[in-house]
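Written below as structure tokens is the structure these notes are about.
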Amino acid sequence: MTPIAPGPSGLAADSTALAGSLVQSVDWLAIAPPTLAAVAALVCLVADLFLPERRKPLLGWLAVGGLALAALSLLPLLDGDRSTFCLTSDADVCSYTADSFALVVQFLVLGGALLTALLSISNVADLKLPAGEFWFLLLSSASGAALLPASRDLATLVIALEVASLPAFALVGMRRGDRLSSEAALKFFLSSVTATAVMLLGVSFVYAATGSLHLSRIAEGLTDVDPRLDTLAQAGVVLTLVGFAFKTAAVPFHFWVPDTYVGAPVPVAAYLSVVGKAVGFSGLILVTVLAFPSYADVWGPVVAVLAALTMTAGNAAALRQRPERAFSAVRLLAWSSVAQAGYLLVPIAAAGYGDSARDISHAVGSTVAYALMYAAVNLGAFAVAALVARTSPGNRLTDYRGLYAARPAAALALGFFLLCLAGLPPGVIGLFAKVAVFSAAVDAGLGWLAVVMAVNVVIALYYYLQWTATLFRAPAPTPRTAAAETPAGEVAVTRTAAVPLTAAIGLAAALGIVLSGAPQLVLRFASGTLL
């Protein structure tokens with residue numbers, strides 16, 4: 001029997017239906033935060049072509065303005081969840097959702113990028129970095145970082161992760177001709193590319209097992225996987241987590257951190273320690289809680305073990321730092337950030353053991369609350385390190401001896417930041433955030449992990465308090481010579497600290513003080529519903 005070909009009217013009807021199924025409406029207000037950051041990046045790149053060399057510092061202020069505008073664009077989104085790029089066949093399945101979780105993480109990311117920009121304005125001039133390229137890369141990375149927490153399918157998650165990561169490789173290696181910078185960028189690039197390749201393999205396994213890339217449909221598909229594909233699905237779940245575990249600097253994916261932080265300009269190291277971690281943790285939360293809840297028995301124990309290993313390895317390495325070693329201050333902050341990543345992983349592991357949606361929401365909120373505290377005080381600590389590096393490029397821990405006598409405000413600010421990280425008064429917000437994380441582990445029945453965390457918090461007190469005490473000791477009686485003070489290849493900078501750098505320290509300190517005075521501003525996320 002010969003099939004009957006449809007007539008012209010049938011073809012037109014089919015074409016109309018197909019076109020209607022492919023057309024999507026775009027909620028421009030919902031995607032405004034990452035879009036504005038991307039537009040600001042392009043504006044900085046184009047403006048660099050027309051500005052004379054002496055006017056290049058204006059690009060930094062242009063970047064600050066763009067990030068501030070992107071952060072302000074979050075305000076109209078506070079009235080409720082907004083979604084876009086949804087399937088025309090199912091309006092509830094979307095690729096981008098600006099819900100409470102996305103908005104909080106976007107605020108953290110854009111705020112962290114804004115402080116990094118303030119730190120970088122003087123640093124770009126001091127190190128003679130190419131201004132146009134630097135600001136374009138920083139804003140591009142911030143755009144990808146702001147996109148990721150609102151992503152609701154694995155393809156968008158991977159793209160956002162790479163948009164956030166690829167510019168960061170170049171930022172680390174911006175000091176041309178510097179061996180440490182080139183080596184750091186290469187290590188960061190190779191390890192990140194390997195982790196991304198493994199993650200993409202896991203994504204392909206998950207897609208093969210479920211037939212979808214949207215997180216909500218993956219969650220449905222994994223509840224009823226063909227028994228023949230169960231092993232494939234489990235492998236996909238584990239491999240997908242590898243890429244995000246790398247971004248969080250979880251053990252054993254942490255080996256790139258100290259060398260990368262040392263080789264990068266100090267503001268870039270600060271950016272990686274806060275915004276880079278926010279990207280990793282938000283992605284990890286999305287894939288575990290939204291996409292893989294039925295495989296909590298697989299990823300829950302894995303994340304718990306990673307948390308214990310990460311905080312222990314980070315604190316053990318921080319204890320071994322020699323104060324007189326070049327860049328020992330940055331290395332200590334690097335290993336401290338690894339240990340802090342372990343604390344941030346604890347509530348995510350607890351979410352895998354949650355018996356109800358409320359338990360899971362509490363665990364996710366505890367991670368977000370801790371991340372907000374950590375972002376403010378850790379950026380502040382790096383800001384003071386950038387200030388000290390202007391006159392002591394070696395950035396040794398011994399360079400901070402007697403800082404209170406030379407720069408009382410900077411010493412008091414750094415002491416406050418370190419006490420917040422340690423969880424000691426007057427850093428009340430650090431103490432409350434650690435209690436929230438600790439309670440999440442206890443409520444989930446992870447008593448052994450709570451004990452490991454408590455032991456590590458006590459261990460960390462040693463190096464935080466030791467550094468704090470150094471700030472208030474009497475200055476060394478005999479100053480080092482210039483040769484001993486400055487590592488080979490470095491040029492000491494003796495100019496007075498720039499206004500933007502001082503403003504960044506003051507802003508971070510003010511934020512930490514406000515949060516310590518009213519910790520409920522952050523801790524309410526631990527008891528609220530974000531996802």
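Excluded from the calculations below are hydrogen atoms, water molecules and symmetry mates; all remaining heavy atoms, backbone and side chain alike, are included. The structure displayed is predicted, hence computed values, not measured ones.
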Is there a donor-acceptor pair under 3.5 Å between the side chain of Q321 and the backbone N or O of L332?
no

Just checking, any donor-acceptor pair under 3.5 angstrom between side chains of D230 and Y295?
yes

Are D81 and T97 close enough that a side-chain donor and a side-chain acceptor fall under 3.5 Å?
no

Please confirm whether the backbone N or O of A291 pairs with a side-chain atom of S216, one donor and one acceptor, at under 3.5 Å?
no

Checking S366 side chain against P347 main chain: does a donor-acceptor pair fall under 3.5 Å?
no

Does any non-hydrogen side-chain atom of L108 lie less than 4.5 Å from one of V274?
yes

Side chain Y96, main chain A30, donor-acceptor under 3.5 Å
yes

Check: R175 side chain, G263 main-chain N or O, donor-acceptor pair, under 3.5 Å:
yes

Just checking, is any N or O donor in the side chain of K247 or S165 under 3.5 Å from an acceptor N or O on the other one?
yes

Would you call the rings of F188 and F246 parallel, tilted or perpendicular, taking 30° and 60° as the class edges?
parallel

Hey, what do you get for CG (D443) to OH (Y353), rounding to the nearest 0.5 Å?
15.0 Å

Measure across A334 and Y261 and return the closest heavy-atom pair with its distance rounded to 0.1 Å.
CB-CD2, 3.4 Å

Is there a side-chain contact between S191 and F255 (heavy atoms, below 4.5 Å)?
yes

Look up atom CD in E133 and atom SG in C44, then write down how far apart they are to the nearest 0.5 Å.
11.5 Å

Non-neighbouring partners of C94 that pass disulfide bond (SG atoms under 2.5 Å apart), sequence neighbours left out:
C86

Do Y271 side-chain atoms and A142 backbone N/O form a donor-acceptor pair below 3.5 Å?
yes

Look at the side chain of S73 and the backbone N and O of A70, then say whether any donor-acceptor pair between them is shorter than 3.5 Å.
yes

Determine whether K277 and L272 make a side-chain contact, defined as any pair of heavy atoms from C-beta on separated by less than 4.5 Å.
no

With a 3.5 Å distance limit and no angle check, can you tell me whether T210 reaches the backbone of G221 through a side-chain donor-acceptor pair?
no

Would a 4.5 Å heavy-atom cut-off, applied to side chains only, mark H214 and S95 as touching?
yes

Please check: side-chain N/O of R152 versus main-chain N/O of P149, any donor-acceptor pairing under 3.5 Å?
yes

Between A37 and L139, which heavy-atom pair has the shortest distance, and what is it?
O-CB, 3.8 Å

State, yes or no, whether a side-chain contact exists between L147 and V163 at a heavy-atom distance under 4.5 Å.
no

Considering only heavy atoms from C-beta outward, does the side chain of T240 approach that of V198 to under 4.5 Å?
no

List the steps and the verdict of salt bridge (charged side-chain N to carboxylate O under 4.0 Å, His left out) for D92 and R217.
CA-CA 10 Å; D92 294 330; R217 290 197 167 180; over 6 Å; no

With a 3.5 Å distance limit and no angle check, can you tell me whether S212 reaches the backbone of I218 through a side-chain donor-acceptor pair?
no

Of the non-hydrogen atoms in L521 and R524, which two are nearest, and what is the gap between them?
O-NE, 3.5 Å

Under 4.5 Å between any side-chain heavy atoms of V64 and L118, yes or no?
yes

Verdict with reasoning, F85 to I31, per side chain to side chain contact (heavy atoms under 4.5 Å, CB included):
CA-CA 10 Å; F85 301 113; I31 64 173; 4.0 Å; yes

Identify the heavy atoms of G236 and V206 that sit nearest to each other, and give their distance.
C-CG2, 3.7 Å

Show the nearest heavy-atom pair for residues P167 and E162, with the distance to one decimal.
CD-O, 4.1 Å

Does CZ in F169 sit with more than 12 non-hydrogen atoms of other residues, nucleotides or ligands closer than 6.0 Å?
yes

For residues T156 and D153, is any side-chain donor paired with an opposing acceptor at under 3.5 Å?
yes

Taking all heavy atoms of S151 and all of L286, pick out the closest pair and write down the distance.
O-CD1, 3.5 Å

